[in-house]
Structure formats: structure tokens, C-alpha cells
Amino acid sequence: MTQSLTILGSTGSIGGSTLDVVARHPERFRIFALSGHSQTAKLAEQCIAFRPQYAVTANEAQAAELRAQLAAASCHTKVLHGEQALCDIAAAPETDGVMAAIVGAAGLPPTLAAAHAGKTIYLANKETLVVSGSLFMQTAAQSGARILPVDSEHNAIYQVLPPEKGYLKHNGVQSIILTASGGPFLHTDLADFPAITPEQAVKHPNWQMGRKISVDSATMMNKGLELIEAHWLFNCPPDKLETVIHPQSVVHSMVRYADGSVLAQMGTPDMRTPIAYCLGLPERIASGVPPLDFTALSALTFETPDYRRFPCLELAYQAMQAGGGVPCVLNAANEIAVAAFLAGRIRFTDIARTVRHCLEQDFSGSHHSLEGLLDLDAAARRAAEAFVQQVAHR
């Protein structure tokens, strides 16, 4: 039976890897809809190759540009734009599964729409659970939506947990261990951190990722967001979540059991592996990833994260433990700070300063509804931007 897919964020690295896997199995998958934020030329190439029924851009100007490109190629994909269009393609009855790969809180509304519609959600947008963990999980439970984790760490955990993934303690799980590469500055002198440039920060040693997530990896905020995501995905108490630095990115995460066993999932660092695992369930399908060559591995090393080097990780731990709307504030402040750093407005070390400042503020409002969360997100962004303006170019 052919599965119909909507890919939210198809022009990003996860979206591109998903299409690569899909292209290897044309008998199993067809593309119903694609969305891209600003790369209209790339989105046009994807539409011409996969002939989806719909494509969605961020605004009307981009939609007009895409329509012209598709018309020149005699591609009849219908082009829409805006947030509501994203929600519509995510919840459309014609689609079976939704790859949620939009970066940041912008991915929340369409991913939540897919959950309301009871879709199979291939979750690569960690911010959905960071910002709206309780709301999203409740919505999925009520609608019967199936959530399959695509992030390599959460996918690894999903693969090595017991088949019955209820309350972990009842299944003998002692703790969950997320691995982190440590990014490009694992051994950089702390005195040199203020001078780190965006070009240096986006050069991840192991993974090919977008600029925002690459910076998050360099600060280890990405791992902090993944901790919060794991808390919701696996119903895991914060004190049962561990993080270790594993520079080789071969062990993607581990589960520690009460009997002393530790089960790990390993593989070549390539996002097509977890994508293929999720898309193929309950079967294993080819991903195009070369097999892991154990004889070529010189060593697998592990170490404890240093919060002086990675203060964003500590801030994420604190936000997870605080709960409520605090993780939403954490994420919003980080998105503003990373964008400011990439634009050359603030220093690398100002990212953590901005996030810490916002976490110290008292934001009012509800975190029990999408509207309340979006209001909280907006307020935190305003506070972060105001702080960025204070520290810019100092």
C-alpha cells in the first residue's frame, strides 16, 4: 500500500534527506504536499521531481515566483502560502503521514494541526514538544495520532526501549542517556569563545545541518531542547535523563536498565537512517547510508559536559525542571539570540546571556492553549530582542 506524505520544511536538510529516502522506494510512497520557507528554486526542483498536489511558501511573493517556475516546467502543482496553508496540508484527508521538519517554533501550528487530524507524525521539529509538550501529547492521545521520533537521538532511544513504551520504571528502565558530539568548540579555549564567528559555529564536525541547528549544536542548546523533547516523548522524569559527550557521533543514544544493561543504537552519522526507520515501520527499508565500518573506528570516547563551556545546556535543564511555560521562553529567547549572532549583531557568548536574561523575567499568561503559548512565545521574543539591542556590538 502506497503511503501519501506531506513534508513540512522540504527544502531543509531533513526534508532533503526524506525525499532522498522516498525516491529509493517509489512503490511505497507518494508526495502529497511540500513546503519551503524561502528557497523557491529548490522547492521548484522538488515539485518538478515529485509532482506533489500542493506546495506551500511563506508569502505571496514567493508563491508567485514558484508558480512561474513551475509553469515554465509544465508542473501543475498548486501553490499556496502562509501558516493556514501549512496547517491545511498537514491535516488534509489525502495525506497519511506528515514529516514535521520546519525549524523552530514556526513548525508548531501545522504539526499540532496534524496531531488534531490523527496523522502519523514523523517528528523532526523538536520545538513542538519544547514549546507545547503537554498540549501536543494530549492532543495526539485524544486523536489517536502516532508520533515517531526522527531526531537521531530520540529515534535511537525509541529503537532500544521495550516494545511496551508505557511508564518507563515499570519496564525496568533506569535512565535515558542522550549523546552529544560537543560540536566544533569542544576543545576550544574558553578565553576564545567571545571571538567565535558565525562561520566557525556552523561548521559541525560530523553532521550536515542548517545554520540555526548548527549553532545550537555548538552551544549545546540543541541537546538541551532534545532533553525536553525526550521528557515528553518517553514520559521520562527529568532526573532520569542523562547527557554525555560522544565526539564520534556513532552511538546515537542509550537506555540504562535496572539490571545493569545498557542498550545503544549505533550507525554512521546520517539522518537518512532514522528517517528510513520511521517511514518503513514495521519493516526495515534501505536508506542509502553506507554501513558502519567498525574496523575504521579508532576509538569511541565519552565525557561529562562542562557547564562553563556549555551554559545553554544547564539553562535547558533548569527550564525542563521548572516546566510550565518556561521551556517556551527558553526556546523563543534562543531563536532570537541565534538569529542575532548569525547576523553578526551579538557575540557567541551573548546567546546564553540572552536566554538567561529572559528566563529571569516574569511572563504572565497561559501555557495550556496554542493561543496562550504563541502569546508567551511572542512576549519572550520581544524581551530577547530588547536585550540583544542592549548588548549588540559591545
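A centroid separation of less than 6.0 Å is found between the aromatic rings of F185 and F348.
Nearest heavy-atom pair, H154 versus E226, reported as atom, atom and distance to 0.1 Å: NE2-O, 2.8 Å. In terms of heavy-atom proximity, I275 sits nearest to I14 at CD1-O, 3.8 Å. Residues I346 and A337 come closest through the heavy atom pair CD1-O, 3.4 Å. Shown here for S253 and E153, the closest heavy-atom pair between the two residues is OG-CB, 3.3 Å. Heavy-atom minimum distance, I228 versus P327: CD1-CB, 4.1 Å. Nearest heavy-atom pair, A286 versus R24, reported as atom, atom and distance to 0.1 Å: O-CD, 4.5 Å.
In summary, of the residues considered (V160, L233, L241, L227), a side-chain contact (heavy atoms from CB on, under 4.5 Å) with I176 occurs for L241 alone. Partner M221 forms a side-chain contact (heavy atoms from CB on, under 4.5 Å) with one of I351, I213, V355 and no other, that one being V355. A side-chain contact (heavy atoms from CB on, under 4.5 Å) with C312 is found for exactly one of T219, V338, D216, namely T219.
Residues M271 and Y277 share a single hydrophobic cluster, defined by chaining ILVMFWY side chains whose heavy atoms lie under 4.5 Å apart. Cluster membership for L225 and M137, using ILVMFWY side-chain heavy atoms within less than 4.5 angstrom, is shared. Under the 4.5 Å side-chain heavy-atom criterion for ILVMFWY residues, no single connected hydrophobic cluster contains both V244 and L178. Neither L263 nor M266 shares a network with the other; the hydrophobic side chains, linked directly or stepwise wherever heavy atoms of I, L, V, M, F, W or Y lie under 4.5 Å apart, form separate groups for each. When hydrophobic clusters are built by joining Ile, Leu, Val, Met, Phe, Trp and Tyr residues whose side-chain heavy atoms come closer than 4.5 Å, directly or via intermediates, L80 is not grouped with M99.
At least one donor-acceptor pair under 3.5 Å links the side chain of T95 to the backbone N or O of T6. Panel note: side chain S249, backbone P269; no donor-acceptor pair is recorded below 3.5 Å. Looking at R67, its side chain does come within 3.5 Å of a backbone N or O of V79 through a donor-acceptor pair. Judged by distance alone, the side chain of R30 and the main-chain N or O of P52 form no donor-acceptor pair under 3.5 Å. Under a 3.5 Å cut-off, the side chain of E65 and the backbone N or O of A61 do not form any donor-acceptor pair. K119 places no side-chain N or O within donor-acceptor distance of the main-chain N or O of A145, the cut-off being under 3.5 Å. Here the side chain of S10 pairs a donor or acceptor atom with the backbone of S35 at under 3.5 angstrom. Between the T57 side chain and the A63 main chain, a donor and an acceptor come within less than 3.5 Å of each other. Checked by atom type and distance alone, the side chain of Q389 never pairs as donor or acceptor with a backbone atom of A386 at under 3.5 Å.
Side-chain contact annotation: T268 with D270, donor-acceptor N/O pair under 3.5 Å absent. With 3.5 Å as the limit, one finds no donor-acceptor pair spanning the side chains of E94 and S4. No side-chain donor-acceptor contact under 3.5 Å links S17 and D20. H246 and Q248 form a side-chain donor-acceptor contact under 3.5 Å, judged by distance and modelled atom types alone. Under 3.5 Å, the side chains of Q62 and T40 contain no donor-acceptor pair of N or O atoms. For the residue pair T18 / Y122, no side-chain donor-acceptor distance below 3.5 Å is found, with atom types taken as modelled.
Atom-to-atom distance recorded for L161:CG and Q265:CD is 12.0 Å, nearest 0.5 angstrom. Interatomic distance, L129 CG to T111 OG1, rounded to the nearest 0.5 Å: 9.5 Å. In this structure, CZ on R382 lies 9.5 Å from CG on D377, to the nearest 0.5 angstrom. In this structure, R353 CZ and D350 CG are separated by 5.0 Å, a value rounded to the nearest 0.5 Å. Note that CH2 of W232 and CG of L135 are 10.0 Å apart. Values are rounded to the nearest 0.5 Å. Here the OG1-CD1 distance, from T349 to I196, works out to 8.0 Å after rounding to the nearest 0.5 Å.
Residues P184 and Q200 have side chains not in contact (no heavy-atom distance under 4.5 Å, counting atoms from C-beta outward). Taking the side chain as every heavy atom from C-beta outward, L279 and L148 never approach each other to under 4.5 Å. No side-chain heavy atom of C47 sits under 4.5 Å from any side-chain heavy atom of Q69. Counting heavy atoms from C-beta outward, N155 and V150 have side chains that stay 4.5 Å or more apart. Contact of the Y317 side chain with the T243 side chain is registered, since non-hydrogen atoms from C-beta on lie closer than 4.5 Å. Within the 4.5 Å cutoff, the side chain of L8 has no heavy atoms near those of the L34 side chain. A 4.5 Å side-chain heavy-atom check between V255 and V262 finds every atom pair outside the cut-off. A 4.5 Å side-chain heavy-atom check between Q318 and L330 finds every atom pair outside the cut-off.
Ring planes of F32 and Y54: perpendicular class, angle over 60° (limits at 30 and 60°).
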Begin from the C-alpha positions of E283 and R28 and carry the test salt bridge (Lys or Arg N to Asp or Glu O under 4.0 Å) through to its verdict. CA-CA 12 Å; E283 301 175 43; R28 298 182 66 113; 3.3 Å; yes
Run the side-chain contact (heavy atoms from CB on, under 4.5 Å) test on M254 and R256 for me, step by step, so that the C-alpha distance in whole Å, both residues' side-chain angles and the decisive distance to 0.1 Å come before the verdict. CA-CA 7 Å; M254 298 169 277; R256 192 190 302 276; over 6 Å; no
Could you walk me through whether N125 and T128 pass side chain to side chain donor-acceptor pair (under 3.5 Å), step by step? CA-CA 6 Å; N125 171 263; T128 290; 2.3 Å; yes
Using the side-chain contact (heavy atoms from CB on, under 4.5 Å) rule, take I245 and F302 through it: C-alpha gap first, then chi angles, then the decisive distance, then the call. CA-CA 5 Å; I245 291 179; F302 303 88; over 6 Å; no
side-chain contact (heavy atoms from CB on, under 4.5 Å) between L123 and E229, intermediate numbers included: CA-CA 10 Å; L123 189 62; E229 185 181 8; 3.9 Å; yes
CA sep, side-chain torsions, deciding dist, call: I89, Q53, side-chain contact (heavy atoms from CB on, under 4.5 Å): CA-CA 10 Å; I89 62 171; Q53 189 169 338; over 6 Å; no
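A salt bridge is defined here as a Lys NZ or Arg NE, NH1 or NH2 lying under 4.0 Å from an Asp or Glu carboxylate O, and K42 with E45 fails to meet this definition. Residues R345 and E385 are paired through a salt bridge, judged by an N-O separation under 4.0 Å between the basic side chain and the carboxylate. One finds a salt bridge joining K212 and E127 here, because a Lys/Arg side-chain nitrogen approaches an Asp/Glu carboxylate oxygen to under 4.0 Å. A salt bridge between K126 and D151 is present, with a side-chain N of the basic residue lying under 4.0 Å from a carboxylate O of the acidic one.
More than 12 non-hydrogen atoms from other residues, nucleotides or ligands lie less than 6.0 angstrom from NE2 of H231.
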